[in-house]
Amino acid sequence: MDEKYFAKKIEAKWQKFWAESRAFETDVDDAKPKFYQLEMLPYPSGNLHMGHVRNYSVGDAVAWYKRLKGFNVLHPIGWDSFGQPAEDAAVKRGVNPRDWTEANIKAMRGQLERLGLSYDWSRQMAAHRPEYYKWDQWFFLKMFEMGLAYKKKTQVNWCEYDKATLSNEQASGGLCWRCGNPVTKKDLEQWFLKTTAYADQLLDDMATIESGWPSHVIKRQQDWIGRSTGAFVDFKLSGSDEKVRVFTTRIDTIYGANAVVVAAEHPIVANRRDDLSAEVINKIDEIVVEKNKPMDRETEIEKDGIDTGLKAINPFSGEELPVWVGNYVMMEYGTGAVMSVPAHDERDFEFAKKFGLPIRQVISEPHLAHEHHTMQALALEVPYTEQGVLVHSDFWNGKTSADAKTEMADHAEQHGFGEAATTFRLRDWGISRQRFWGAPIPIIYCDECGVVPEKLENLPVRLPENAPITGTGESPLAKVAEFYETKCPNCGGAAHRETDTMDTFVDSSWYFFRYLDPNNDGKPFDTAKAAYWTPVDQYIGGDDHAVMHLIYTRFWSKVMRDMGLVSFDEPVHRLLTQGMVVGETFYDDSTGKKKYYIPSEVVVERDLKGKITAAKGTDGTILKHAIERMSKSKGNGVDPDEMVDIYGADATRLFVLFAAPVDNELVWHEAGIEGAVRFLQRVWRFVYSWKDSLGQQDGEADADLSPAARKLQQKVHQTIKRVEDALDTLQFNTPVAALMELTNSLYESGIKPDAATNADRAAVREGIEALNKMLVPFAPHTAEELYSVLTGNEIGIVANGAMFPEFRQDLAIADEIEIAVQINGKLRSRVFAAPDADSTALEELALADEKVNEFIDGKTVVKIIVVPGRLVNIVVKG
RNA sequence: GCCGAGGUGGCGAAAUUGGUAGACGCACUAGUCUUAGGAACUAGCGUCGAAAGACAUGCGAGUUCGAGUCUCGCCCUCGGCACCA
């Protein structure tokens, strides 16, 4: 190696060395603690993007740090390789999904390797390979056995653009998670996994991981699971034995009910199509049609409904109420029917206003309760949705809402018309997909025996080599007779296979257990290995999976626990969600639609300070300027390969870590990455300027450290502490800053190799070595190269067992520190004192200061506050 | 509408958790060296001011010797949810 920093050369050298020496293949040394560092696995699209780079740079920094801290580190990677893009490629370009996927994996692995990420490649898994999806199928059959997998006909979320079925999580917000287009409904037979069976656990167990997960993810999961406690109440239909069961969280308001409102699909109306008037039937059908239309996020849906003419009896008051159909009642939640209490619910209020239904107040603000008893119920201007005291509620008058809720639910139960109840927003996970590129659902339909699970020993149910992929939303496997024609495992008669495949989120629900034992042919993984490595110590990924992958994987772990495969409740103890990488965009929206300009088509004007004041296209169009998520079409995308090529992997990674706190958005400015290169070069030059002088101990008696060397020593140890604390709390920008400061201090010390004493040389050596080791998590290639330059060994940092530098408090403390002197809280002067100088000494020093005396001259000192080690504040009057 | 996070220089950000606001970096300005420099180095860089100093952490109050940090009330930005009874 020459003395000039040349990223390409050293990066290629060390990547080759790491691969050949299998430097990152996981060893288990019983004397060391374990650390499982996991990052969300990529979909093999063929192109790494900057978001991946950020995710994996952070993960790699943690993995390296833990290695240097003496852990057995497991740091694997794999491929979420089933999914729609492979089918899209097949439709568009006629390629085979398998070939396309394998080629992409190969290409992306190359990209990851060029970044120098320290993965244990020997544990790689890929979801689309039969050795993996065999176990998806195995889990499915186990869940079928346990009653956790079942089939039902249902309205599924359907994305017309992608021609794809979506789970509720994937259709969150009424928009497709993949393409962002509105979601419609479609009737389909679907396989479901019973996530609702774990709703309580999914919610309650969050308490055990709360401290290690970002609060916004916890919050979103809580909202998603959406537990609400209340009661079921049965309203008997007049002139019938039938009952309508409603769910309410506010049974205390039941005397204010003016109607029972049911969903359009509710059996009570669906079963009476012949009896209801044509007008009612028409309205019901209209509501159903409206409901199944793609949702428009912007406009609020207006309340609609109709009186069915049916009557129901309020079991508390005995009052006869009309039964309405309302478009705001959802069949999928609760019982599909509600009691409408307009005085105390916004939606019911709006509904009552629109249709002129009576509004009766039955809950009062506590201090007004007495008046209400003597008053007629008043028409409210706005609904009163708070809790309060019951009025106009017969026997229950005067009770608080809280008391009434429990007592009234008990009352209902005792009299057989209701009970306390809990409902969830969470629905079961629909996993059937009418897709080719996924794990076949291992179920067989037999005319004689019905639904029959495939035998475990027949797994995997393999995907056929070829299937007609059309992208029209029908199952391609249904057109491959060799695939679906089979024999019943039960009776041996002719039968056919399920032709739907599994949602790809099945694959990612347990992939990180397969890393522990990737070649196991008899089990998904060895339980002893799982007991050692899991739960995951640190998981890192984007927060777009807050309610998809991260709920599914928690569910899956709980099922595996109940199967006896693992013994914990939660698979991930610490979660870090990194922010998005965004870029500057320039666009013209004068035509109503945004037209993006690529950077080479944009001319930017800046003011003296460098702020952008105007932007124009080279065609003269005045452009607007914004920060948006990176994408090719917006012209703000950055190709990681290109960055690595120009600046090097280390500089790219270092910059990504340094540029912003890890959970913030990161705005890509290419100029910033040059700063990272400059820093690495500065380190490089300094080490080279010293490399021949560090070992010299030419007999000269050890002198004391010079003041400059002593100062450097302090900085070294302060930096060790700062870097350690930062990495322990998952901060990556501040430790890089600390290393830059340390580098500046090395230069500023002014200690020259030829002029230095042995002691001073040793101080510089300590600084260089500490810097070198602390640089490893951020710029591993450069660090390896410098390490070999300094130590003369070529076996690499891992093999050499190098450890993170050791912090010494006694060396970090300065001999003399600066104490701020304030007068009335304003900084007026500074004095110097020993770090352990006591209050009296500091006070004396401050009062002796010339500048201080100028300020307090002629005034009365009222009080003096001394914070040892920090400041003196003199309070004066007059 | 509800929930969450956040407002600090031209920009990305620090701030030992109530104690010297703006570390570190980018951009910018001036200079040195160089055939040259988009290299390196030196100096400057919150605002106003010649300086002393004054004013500065979204706005307004409060607590305190002392507030970016704590309390209350507003304003704004970004994310999430969408009639969940």
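Proteins get letters first, then strands, A, B, ... in listed order; numbering begins at 1 in each.
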* What integer distance in Å separates A:Y647:OH from B:rA39:P? -> 12 Å
* To do: State whether A:R828 places a side-chain N or O below 4.0 Å from either non-bridging phosphate oxygen (OP1 or OP2) of B:rU20.
  => no
* Give the rounded distance in Å between these two atoms: CG of A:L175 and C1' of B:rG79. => 15 Å
* Asked: Mapping A:A659 and A:W224 onto RNA chain B by nearest heavy atom, which one lands closer to the 5' end?
  -> A:A659
* Structure fact -> The glycosidic conformation of B:rG9, counting syn as within 90° of 0 and anti otherwise, is syn
* Give a yes or no on whether the backbone of A:R808 and the side-chain of A:H717 come within a donor-acceptor separation of less than 3.5 Å. => yes
* How far, in whole Å, is B:rA43 from B:rU63 if one measures between their C1' atoms? -> 44 Å
* With a 4.0 Å cut-off, would you call A:E665 and A:R629 a salt bridge? -> no
* Asked: Just checking A:M330: base, sugar-phosphate only, or nothing, at a heavy-atom cut-off of under 4.0 Å?
  -> base
* Describe the nucleic acid contact of A:R220 in one word from base, sugar-phosphate, nothing, applying a heavy-atom distance below 4.0 Å. => sugar-phosphate
* Asked: Under 4.0 Å between a side-chain N or O of A:S340 and OP1 or OP2 of B:rA85?
  -> no
* Asked: Closest heavy-atom contact between A:W224 and A:N168?
  -> CH2-O, 3.5 Å
* Rounded P spacing from B:rA15 to B:rC65 in Å -> 28 Å
* NA contact type, A:V329, heavy-atom cut-off 4.0 Å: base, sugar-phosphate, or nothing? -> base
* Asked: B:rA85 phosphate, OP1 or OP2: any side-chain N/O from A:S228 under 4.0 angstrom?
  -> yes
Which donor-acceptor pairs under 3.5 Å do side chains of residues 326-333 of chain A form with protein atoms, sequence neighbours excluded?
{"from": "A:N327", "atom 1": "OD1", "to": "A:D304", "atom 2": "N", "distance (Å)": "2.8"}
{"from": "A:N327", "atom 1": "ND2", "to": "A:E302", "atom 2": "O", "distance (Å)": "2.9"}
{"from": "A:Y328", "atom 1": "OH", "to": "A:D348", "atom 2": "OD1", "distance (Å)": "2.7"}
{"from": "A:Y333", "atom 1": "OH", "to": "A:S228", "atom 2": "OG", "distance (Å)": "2.9"}
{"from": "A:Y333", "atom 1": "OH", "to": "A:T423", "atom 2": "OG1", "distance (Å)": "2.6"}

* Asked: Can we say A:D252 and A:R250 salt-bridge, meaning some charged N sits less than 4.0 Å from an Asp/Glu carboxylate O?
  -> yes
* May I ask you to evaluate whether A:Y328 reaches the phosphate of B:rA85, defined as a side-chain N or O under 4.0 Å from OP1 or OP2? => no
* Structure fact -> Rounded to whole Å, the CD-P distance (A:E302 to B:rC83) equals 16 Å
* Paired and unpaired positions of RNA chain B as dot-bracket, Watson-Crick or G-U wobble under 3.5 Å, | denoting a partner strand -> (((((((..(((......[....))).(((((.......))))).(((....)))..(((((..]....))))))))))))....
* Structure fact -> Per the O4'-C1'-N9-C4 / O4'-C1'-N1-C2 angle with a 90° window around 0, B:rU42 comes out anti
* **Between A:D849 and A:S829, a side-chain donor and acceptor under 3.5 Å** => yes
* To do: Identify which one of A:N873, A:V876, A:L847 satisfies the side chain to side chain contact (heavy atoms under 4.5 Å, CB included) criterion when paired with A:I864.
  => A:L847
* Asked: Considering only the P atoms, how many Å lie between B:rA14 and B:rU64, rounded to the nearest integer?
  -> 32 Å
* Which value, in whole Å, describes the distance between the C1' atoms of nucleotides B:rA23 and B:rU16? -> 12 Å
* Asked: When you match A:A171 and A:G672 each to their closest nucleotide on RNA chain B, which lands nearer the 5' end?
  -> A:G672
* Asked: Which part of the nucleic acid, if any, lies within contact of A:E346, taking any heavy atom under 4.0 Å across all strands shown: a base, the sugar-phosphate backbone alone, or nothing?
  -> nothing
* Asked: Can you check salt bridge (Lys or Arg N to Asp or Glu O under 4.0 Å) on A:R828 and A:E854, steps first, answer last?
  -> CA-CA 10 Å; A:R828 293 301 182 190; A:E854 270 173 46; over 6 Å; no
* **Short side-chain N/O contact to B:rC24 OP1/OP2 from A:R678, under 4.0 Å** => no
* Nearest whole angstrom, please: distance from the P of B:rC3 to the CZ of A:R227. => 20 Å
* Asked: Given the P atoms of B:rU71 and B:rC78, what is the spacing between them in whole Å?
  -> 25 Å
* Asked: Side-chain donor or acceptor of A:Q822 under 3.5 Å from a matching atom on the base of B:rU20?
  -> no
* Under 4.0 angstrom, heavy atoms only, what part of the nucleic acid is A:E332 near: base, sugar-phosphate, or nothing? -> nothing
* Reckon A:V867 touches a base, only the sugar-phosphate, or nothing at all at heavy-atom distances under 4.0 Å? -> base
* Can a cation-pi geometry be assigned to A:R653 and A:F778, taking NZ or CZ under 6.0 Å from the six-membered ring centre and within 45° of the ring axis? -> no
* Asked: If you measure from the Lys or Arg side-chain nitrogens to the Asp or Glu carboxylate oxygens, is any gap between A:R722 and A:E741 under 4.0 Å?
  -> yes
* Asked: Does A:K219 put a side-chain nitrogen or oxygen below 4.0 Å from OP1 or OP2 of B:rC3?
  -> no
* Atom-to-atom span, CZ of A:R870 to C1' of B:rG18 - whole angstrom -> 11 Å
* Examine B:rG25: is either OP1 or OP2 under 4.0 Å from a nitrogen or oxygen in the side chain of A:N744? Give yes or no. => yes
* Give the rounded distance in Å between these two atoms: CG of A:N733 and P of B:rG25. => 14 Å
* Atom NE2 of A:H545 and atom CE of A:M548: how far apart are they, to the nearest 0.5 Å? -> 5.5 Å
* Are A:K826 and B:rC55 close enough that a side-chain N or O sits under 4.0 Å from OP1 or OP2? -> yes
* Asked: OP1 or OP2 of B:rG66 less than 4.0 angstrom from a side-chain nitrogen or oxygen of A:N824, does that happen here?
  -> no
* What integer number of Å spans the C1' atoms of B:rG68 and B:rG19? -> 13 Å
* To do: Report the distance from atom CH2 of A:W324 to atom P of B:rC83, rounded to the nearest whole Å.
  => 21 Å
* With sugar-phosphate meaning primed atoms plus P, OP1 and OP2, does A:G334 contact a base, only sugar-phosphate, or nothing at under 4.0 Å between heavy atoms? -> nothing
* Asked: B:rC41 and B:rA56: how far apart are their P atoms, nearest whole angstrom?
  -> 38 Å
* Looking at every strand, decide which applies to A:D348 at a 4.0 Å heavy-atom threshold: base, sugar-phosphate, or nothing. => nothing
* **Span that lies between the C1' atom of B:rC70 and that of B:rG25, in whole angstrom** => 31 Å
* To do: Measure from CD on A:Q731 to P on B:rA13 and round the result to the nearest Å.
  => 13 Å
